[in-house]
Amino acid sequence: MKVLIVGGGGREHAIAMCVKKSPKVDKLYCAPGNAGIAKIAECVPIKVMEFEKMADFAQEQQIDLTIIGPDDPLAGGIVDVFEKRDLRVFGPRGNAAILEGSKAFSKDLMKKYGIPTAAYENFDDPEEALKYLESASYPIVLKADGLALGKGVLICQDKAEAVEGVRSIMQDKKFGSAGNRMVIEEFMTGREVSVLSFVDGNTIKIMSSAQDHKRAGDGDTGLNTGGMGTFSPSPFYTPEVDAYCREHIFQKTVDAMKAEGREFKGIIFFGLMLTKDGPKVLEYNARFGDPEAQVVLPRLKGDIIDIVEACIDGTLADTPVEFEDNAAVCVVLASDGYPVSYEKGFEITGLEAFEGKDDYFCFHAGTAFDGDKIVTAGGRVLGVTAKGDTLTGARAKAYEATEWVKFDNKYMRHDIGKAIDEA
Ligand code: AMP
Ligand code: GLY
């Protein structure tokens with residue numbers, strides 16, 4: 001069969017690697033892809049928000065299955081455009097991708113269906129939000145309602161910071177129209193865990209857990225980024241936590257979406273905080289995490305195409321979703337200065353060191369060709385992943401492999417997976 005993957009980051013490289021392993025797939029395309037994905041797929045220069053062009057391509061090439069990677073096209077309704085043309089596609093429709101696309105929606109959903117999350121209020125009017133801050137307790141969390149590249153969340157220590165935050169989100173529109181509404185919610189403390197899942201509208205099967213490192217600097221300092229590294233599984237996601245989440249969060253979310261007439265097919269990513277009162281939902285995403293996919297997918301057993309097709313067909317209950325009994329760590333190699341400003345266009349060398357090594361993966365995020373050289377082309381450049389029998393072993397291997405690759409302005413965190421030692 002012919003498969004098209006939409007997107008061009010490290011997540012899509014990890015998806016592509018998994019799809020490529022399927023004996024059912026004889027031709028793989030990726031739009032737009034990147035210099036690393038180009039090794040295993042034919043890259044097509046169509047941007048992820050060019051829905052009609054993307055669907056034209058799928059029709060012309062008689063693509064059998066399209067897998068959507070990023071949040072923006074999902075929230076924008078790319079799946080609806082494909083379905084209207086009878087093209088087979090994996091991901092939630094626009095009316096279900098709202099689970100990620102609107103934080104106000106997802107908070108109201110959780111409240112209505114009794115899914116544990118932080119206490120909150122939604123606001124359309126900045127004056128109302130400012131009034132609310134008068135009697136709130138601090139720290140407090142402000143969230144732009146819409147998609148904001150993972151940056152629309154402000155944790156404010158006191159009222160002065162929060163007032164400034166409301167102004168920047170709702171009045172100065174720091175995150176654009178994402179800030180037309182906002183959520184103000186209770187600040188929670190605890191460990192964060194990411195749990196991704198496959199969903200077919202009724203059945204949910206969860207993947208192995210993971211933990212991201214969102215801040216730019218060692219020791220969780222500096223600005224929020226898209227993610228500087230991950231490990232999987234999380235030792236903090238214990239069988240007790242799992243049992244609680246199965247009872248109170250996972251199936252309830254799928255059932256709630258169905259009850260709202262927003263049947264969800266695709267990936268639900270649960271961002272959880274393990275508070276002293278039990279696990280609570282921080283956020284939902286409607287797609288694979290990046291760089292969570294880079295540590296979860298290399299550990300997936302079996303054929304991802306079978307699972308994806310089962311989600312589309314509603315037969316996930318009969319389809320196994322299993323993971324290897326090992327661990328993986330991903331260290332992101334970024335351009336120094338990310339997430340603010342950074343130079344691009346530096347040659348990357350040493351990539352060939354990954355060839356022929358089953359336990360090591362170099363997922364490309366921001367890379368491009370410059371003639372026959374591969375150069376840096378983004379803030380997050382590569383996701384260096386290694387698998388090992390244990391988390392500690394995988395981490396040592398991943399850090400060893402970060403040394404194989406060289407480019408000017410290479411930057412990484414040195415403490416990815418440090419929490420493993422505390423488990
Ligand atoms: P989100 O995009 O909603 O996951 O938020 C980004 C990050 O902000 C999360 O990964 C948390 O570290 C932090 N965060 C979000 N909501 C809260 C909250 N209610 N309490 C404490 N931290 C939060
Ligand atoms: N790594 C977090 C995300 O993909 O949203």
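Whatever order the structure lists them in is the order used to number ligands and atoms, beginning at 1.
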Undergrad: Could you tell me whether Lys397 sits above the aromatic face of Tyr360, with NZ or CZ closer than 6.0 angstrom to the six-membered ring centre and within 45 degrees of the axis?
TA: yes

Undergrad: List, ordered by chain and residue number, the protein residues whose closest non-hydrogen atom lies under 4.0 Å from any atom of ligand 2.
TA: Asp212, Gly226, Phe269, Asn285, Arg287, Gly289, Asp290, Pro291, Glu292

Undergrad: Measuring from atom CD of Gln211 to atom OG of Ser194, what distance do you get when rounded to the nearest 0.5 angstrom?
TA: 7.5 Å

Undergrad: Parallel, tilted or perpendicular for Phe363 and Phe361, by the 30°/60° rule?
TA: parallel

Undergrad: Mind checking what makes ring pair (Phe, Tyr, Trp, His ring centres under 6.0 Å) contact with Tyr29, not counting sequence neighbours?
TA: Phe57

Undergrad: For Tyr120, does the six-membered ring have the charged nitrogen or CZ of Lys111 within the cation-pi criterion, i.e. under 6.0 angstrom from the centroid and within 45° of the normal?
TA: yes

Undergrad: Quick one: nearest non-hydrogen protein atom to atom 12 (O) of ligand 1, plus distance?
TA: Glu192 OE2, 2.3 Å

Undergrad: Could you tell me whether Ile155 and ligand 1 have an N or O pair separated by under 3.5 Å?
TA: no

Undergrad: How long is the gap from CE on Met188 to CG on Leu272, to the nearest 0.5 Å?
TA: 9.0 Å

Undergrad: Testing the basics here: between Cys43 and Gly33, what is the closest heavy-atom pair and its distance to 0.1 Å?
TA: SG-CA, 3.9 Å

Undergrad: Who pairs with Lys112 by salt bridge (Lys or Arg N to Asp or Glu O under 4.0 Å), at least two apart in sequence or on another chain?
TA: Glu260

Undergrad: Applying the ring-ring contact (aromatic ring centres under 6.0 Å, His included) test to Tyr284, which of Phe269, Phe105, Phe250, Phe270 qualifies?
TA: Phe270

Undergrad: Applying salt bridge (Lys or Arg N to Asp or Glu O under 4.0 Å), which residue pairs with at least one partner in residues 157-169 are found, sequence neighbours left out?
TA: Glu134-Lys159

Undergrad: Between Asn224 and ligand 1, is there a nitrogen or oxygen pair with a distance under 3.5 Å?
TA: no

Undergrad: Nearest protein heavy-atom contact for atom 16 (N) of ligand 1: which residue, which atom, what distance?
TA: Lys143 NZ, 3.0 Å

Undergrad: Could you tell me whether Lys418 atom NZ has more than 12 heavy atoms of other residues or ligands within 6.0 Å of it?
TA: no

Undergrad: Against heavy atoms of Leu282, which atoms of ligand 1 measure under 4.0 Å?
TA: 3 (O), 14 (N), 15 (C), 16 (N), 17 (C), 18 (C), 23 (C)

Undergrad: For atom 19 (N) of ligand 1, what is the closest protein heavy atom, and at what distance to 0.1 Å?
TA: Glu185 OE2, 2.7 Å

Undergrad: Identify, for atom 20 (N) of ligand 1, the protein heavy atom at the shortest distance, and state residue, atom and that distance.
TA: Met188 N, 2.8 Å

Undergrad: Nearest protein heavy-atom contact for atom 2 (O) of ligand 1: which residue, which atom, what distance?
TA: Glu283 OE1, 3.2 Å

Undergrad: Number the atoms of ligand 1 from 1 as they appear, then name those within less than 4.0 Å of a heavy atom of Lys103, with their elements.
TA: 2 (O), 3 (O)

Undergrad: For ligand 1, is any non-hydrogen atom under 4.0 Å from Glu186's backbone (N, CA, C, O), its side chain (CB onward), both, or neither?
TA: backbone

Undergrad: Report yes or no: is the cationic atom of Arg11 (NZ for Lys, CZ for Arg) under 6.0 Å from the centre of the six-membered ring of Phe288, at an angle within 45° of the ring normal?
TA: no

Undergrad: Which atoms of ligand 1 are found less than 4.0 Å from any heavy atom of Phe187?
TA: 20 (N), 21 (C)

Undergrad: To the nearest 0.1 Å, how far is atom 8 (O) of ligand 1 from its closest protein heavy atom, and which atom is that?
TA: Val153 CG1, 3.6 Å

